[in-house]
Amino acid sequence: MKSEDVPFEGGPMDGRVLPVLVGMTGHPPKTYRIPVPGAEDRPATTLVYRRVPRESGPRIGFARWKYVHDPTGGQHSAGRRWPWSKPAAAPGGKPEDTDG
């Protein structure tokens, strides 16, 4: 499998460069999760990093990536929302109720 050295910014991994496996398109995954085992007095946690484009360099045409720390832990995204999907939250009240 092919890998690419990707830098990490923010959080505990700030400044580190790790080899990350790339997919069939040559891009690393959109999110990179690092499980951190808990100590005796702390629970286990997971560090979440999001893929963002790196500043352009001398190689024009190549999409270079970096990972930026996501302190929310990926809680802001509920997954894909297709246009034909049901609404996320149903409006309150009955259709004939004018008060809402």
Side-chain angles (χ1 to χ4, degrees):
M1 296 211 76
K2 193 172 179 182
S3 65
E4 179 180 333
D5 291 337
V6 181
F8 286 76
E9 287 185 2
M13 300 291 290
D14 190 26
R16 295 187 187 184
V17 178
L18 296 177
V20 177
L21 294 176
V22 294
M24 291 177 16
T25 60
H27 299 287
K30 290 182 180 181
T31 58
Y32 193 82
R33 298 179 186 277
I34 304 171
V36 179
E40 295 176 4
D41 57 341
R42 294 184 309 197
T45 59
T46 302
L47 301 174
V48 178
Y49 285 85
R50 299 259 175 234
R51 181 186 76 184
V52 295
R54 213 185 318 177
E55 294 81 29
S56 61
R59 297 171 66 178
I60 298 174
F62 282 95
R64 305 296 302 206
W65 304 99
K66 66 181 176 181
Y67 282 110
V68 177
H69 184 252
D70 185 3
T72 62
Q75 299 300 324
H76 61 278
S77 175
R80 289 191 176 128
R81 295 293 304 159
W82 301 104
W84 55 84
S85 300
K86 292 182 180 179
K94 297 178 183 175
E96 63 272 356
D97 187 11
T98 58
D99 294 334

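Positions are given from 1, in the same order as the sequence printed here. Since we're looking at a predicted model, the values are computed, not measured.
Remark: Ala39 engages Asp41, Arg42 in a side chain to side chain contact (heavy atoms under 4.5 Å, CB included) (not counting sequence neighbours).
One distance of note links CZ of Arg33 with OG1 of Thr46; it measures 7.5 Å at 0.5 Å rounding.
Shown here for Val6 and Trp65, the closest heavy-atom pair between the two residues is CG1-O, 3.7 Å. Scanning all heavy atoms of the two residues, the minimum distance from Arg54 to Pro7 falls at NH2-CD, 3.7 Å.
Aromatic ring pairs are classed by plane angle as parallel below 30°, tilted from 30° to 60° and perpendicular above 60°; the pair Tyr32 and Phe8 is perpendicular.
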Only pairs under 3.5 Å count here: list side-chain donor-acceptor contacts from residues 9-22, not counting sequence neighbours, and write none if there are none.
| from | atom 1 | to | atom 2 | distance (Å) |
| --- | --- | --- | --- | --- |
| Glu9 | OE1 | Lys66 | NZ | 3.4 |
| Glu9 | OE2 | Lys66 | NZ | 3.2 |
| Asp14 | OD1 | Gly10 | N | 3.1 |

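The other residues sharing a hydrophobic cluster with Val52 are Val68, where clustering joins ILVMFWY side chains under 4.5 Å apart.
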Inset, instruction - Kindly indicate, with the supporting measurements, whether the criterion side-chain contact (heavy atoms from CB on, under 4.5 Å) is fulfilled by His69 and Tyr49. - result: CA-CA 4 Å; His69 184 252; Tyr49 285 85; 3.5 Å; yes
Inset, instruction - Take Glu4 and Arg64, measure what side-chain contact (heavy atoms from CB on, under 4.5 Å) needs, and give me the verdict at the end. - result: CA-CA 9 Å; Glu4 179 180 333; Arg64 305 296 302 206; 4.1 Å; yes
